[in-house]
Amino acid sequence: MQVTQTNADGLKHEFKVVVPAALLEEKVSSRLTEVGRTVRIPGFRPGKVPMGILRQKYGSSVMGEVLETAVNDGTKHALDEHKLRPAVQPKVEITSFKEGADLEFTIAVETLPEVKVAGLGELKLEKPVCPVSDEAVDEAVQNIANRQEKTDAAGEAHAAESGDVVVIDFLGKLDGEPFDGGKADGYSLKLGSGNFIPGFEDQLVGVKSGDDRVVKVTFPADYGVEKLAGKGAEFEVKVHEVRKVVPTVVDDELAKTLGLGDLAELKKAIREEIERDYGNLSRGHVKRQLLDKLAEQYDFVVPEGMVDLEFEAIWKQLEQEKTEGHLDAADQGKTDDELRAEYRAIATRRVRLGLVLSEVGSSNNITISQEDLNRAVMTEARRYPGQEHLVFQYFQKNPDALNSLRAPIFEEKVIDFILELASVTEKTVTIEDLRKDPDVESQASSADEAPKPKKKAAKKKAADE
């Protein structure tokens, strides 16, 4: 086998491989001999089938096996000989082959760049933190109580007020024609809740049981369904009943209905939950700072093939959002060329950061244990209360799904490792500041950088950002 490098341009390498016809014939004959030991052909004992018959009957399929093996061996030889680490699957093209002649093929491969990461301990980061106030706990308790509230029939003569619940049927029409998602029967709507389009609930104040009313509204310009955004619509509403809300008292009995001993225990559990939520928000901010600093510090050429794959995944999701009418407001009105350029830059950033984190992880022997995977599966299961067993079964039966958890787990462990080395200073902030989207803040502070991922299409894992 003759392997010749024909091109070496940065991360791109090309090779020409020639496998002599004699070697191919030797492999074919050897394989046919193996087949002949076990194959059963009428008129011949096993192991006694003439080579000519074997070649006539199995020669084509065996040659296919031999060619595939030769291509794989040639590719591996080329990569090993030049100590190359492929970034994506090498592209192989057979340029010349016919029976009795040499096999010639080319290999085009993009390699991973050499990434050297140093100075992690010199990173200086600011971590926003917010203490959990008694007011926040009380508000959360009250929200729980509000969700437990009950209603009583208000009577036919009662005119609905803000805070009342009206049980209605409604049918929405756009230019006189019903539209998808604009119809419901027996819907319980709390007036003043803000759950419906602005103006809808206000026009139902004063209705009584049995009333019919036409509600006219205009959908917000940034409404999630593109065909409805900014459009005027009419809703035919039938009022079945008006109900008064009976507030739930915040006391020990409320806690007991939730499976807790008393109100103090309920507040303690809520405080711990809020602290976890605040902690996750805080981590999101410091993580974004870390990734931004790494992106500034490491600027190297990345494999185009990896960028292509990342961009295609982003673009596919973006196209789906456009089809569903859920395109982010910041992207609406942009041409495909503008969007492609923007998200291509995001894909490049993702790949580069992914390579940096991968190098940190591998050079510091960061691994994923079975315990890590078990915790990740448990976390996924908690997202589906009452269906946890189905989640466990899903991951047990789908090894690929379980393996898909490895990348985010690895990333989080690498981030934790870097944060342990870096100098992280805590800064007390308001809850409003803590809840700000770190992606938006990053864009504002880096005007020269490609816009960061939007809500769905481009916002996946942090290393991708």
Side-chain angles (χ1 to χ4, degrees), residues 138-260 263 266 270 321 323-326 329 383-387 390 455-456:
D138 291 341
E139 182 181 352
V141 172
Q142 188 60 55
N143 288 336
I144 291 175
N146 292 343
R147 290 195 293 270
Q148 301 292 321
E149 66 187 14
K150 299 178 181 179
T151 60
D152 286 338
E156 295 183 0
H158 177 75
E161 303 170 350
S162 180
D164 289 347
V165 172
V166 291
V167 182
I168 59 174
D169 298 340
F170 61 83
L171 174 64
K173 294 184 178 181
L174 193 65
D175 296 328
E177 295 295 329
F179 56 85
D180 292 340
K183 182 180 185 301
D185 293 330
Y187 187 92
S188 295
L189 174 63
K190 185 175 184 179
L191 301 183
S193 64
N195 290 333
F196 270 34
I197 308 159
F200 188 99
E201 296 170 24
D202 295 341
Q203 295 179 58
L204 293 182
V205 171
V207 298
K208 299 179 181 180
S209 297
D211 282 354
D212 293 309
R213 183 163 293 189
V214 175
V215 173
K216 298 181 179 181
V217 296
T218 299
F219 284 92
D222 60 350
Y223 192 70
V225 181
E226 190 173 357
K227 67 179 181 180
L228 298 178
K231 302 291 181 59
E234 290 187 353
F235 284 83
E236 298 173 358
V237 180
K238 172 68 175 179
V239 181
H240 290 291
E241 188 178 17
V242 179
R243 303 183 66 84
K244 297 291 291 183
V245 172
V246 180
T248 299
V249 179
V250 175
D251 56 10
D252 290 343
E253 290 303 316
L254 171 63
K256 291 177 181 178
T257 63
L258 299 171
L260 298 172
L263 183 58
L266 172 60
I270 288 177
E321 290 183 16
T323 301
E324 296 173 352
H326 296 151
R383 295 172 56 195
Y384 303 92
Q387 303 181 54
L390 296 177
K455 292 181 181 177
K456 293 183 182 178

Could you tell me which residues satisfy side chain to side chain donor-acceptor pair (under 3.5 Å) with [X], sequence neighbours excluded, listed by chain and number?
X: K173; value: E236
X: K183; value: D185
X: D212; value: none
X: R383; value: E380

Can you name the residues that form a ring-ring contact (aromatic ring centres under 6.0 Å, His included) with Y384, not counting sequence neighbours?
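Scan of Y384 (ring-ring contact (aromatic ring centres under 6.0 Å, His included), adjacent residues dropped) gives none.
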
With sequence neighbours left out, what residues match [X] under salt bridge (charged side-chain N to carboxylate O under 4.0 Å, His left out)?
X: E139; answer: none
X: D211; answer: none
X: E234; answer: K216
X: D138; answer: K267

With heavy-atom distances below 4.5 Å as the criterion, would you say the side chains of [X] and [Y] are in contact?
X: V237; Y: Q203; value: no
X: V239; Y: K208; value: no
X: V217; Y: P198; value: no
X: I168; Y: L204; value: yes
X: D180; Y: V225; value: no

Return yes if some donor-acceptor pair links the side-chain N/O of [X] with the main-chain N/O of [Y] below 3.5 Å, else return no.
X: D164; Y: K244; result: no
X: E201; Y: G192; result: yes
X: N143; Y: N146; result: no

Can you pull out every salt bridge (Lys or Arg N to Asp or Glu O under 4.0 Å) where at least one residue sits in residues 142-155? Sequence neighbours excluded, please.
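As it turns out, the salt bridge (Lys or Arg N to Asp or Glu O under 4.0 Å) pairs with a partner in residues 142-155, which skip direct neighbours, are E149-K190.
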
Quick one: list whatever passes side-chain contact (heavy atoms from CB on, under 4.5 Å) with A233, sequence neighbours left out.
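A233 satisfies side-chain contact (heavy atoms from CB on, under 4.5 Å) with L174, F179, F219, F235 only.
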
Any residue meeting side-chain contact (heavy atoms from CB on, under 4.5 Å) with E226, in chain and number order, not counting sequence neighbours:
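With sequence neighbours excluded, E226 shows a side-chain contact (heavy atoms from CB on, under 4.5 Å) to no residue whatsoever.
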
Pairwise distance CD(E156) to CD(E241) - rounded to 0.5 angstrom
9.5 Å

Should the pair F170 and F196 be assigned to parallel (<30°), tilted (30 to 60°) or perpendicular (>60°) ring geometry?
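Rings of F170 and F196: perpendicular, over 60°.
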
Would you find more than 12 non-hydrogen atoms of other residues, nucleotides or ligands less than 6.0 Å from N195 atom CG?
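For N195, atom CG is crowded (more than 12 foreign heavy atoms under 6.0 Å).
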
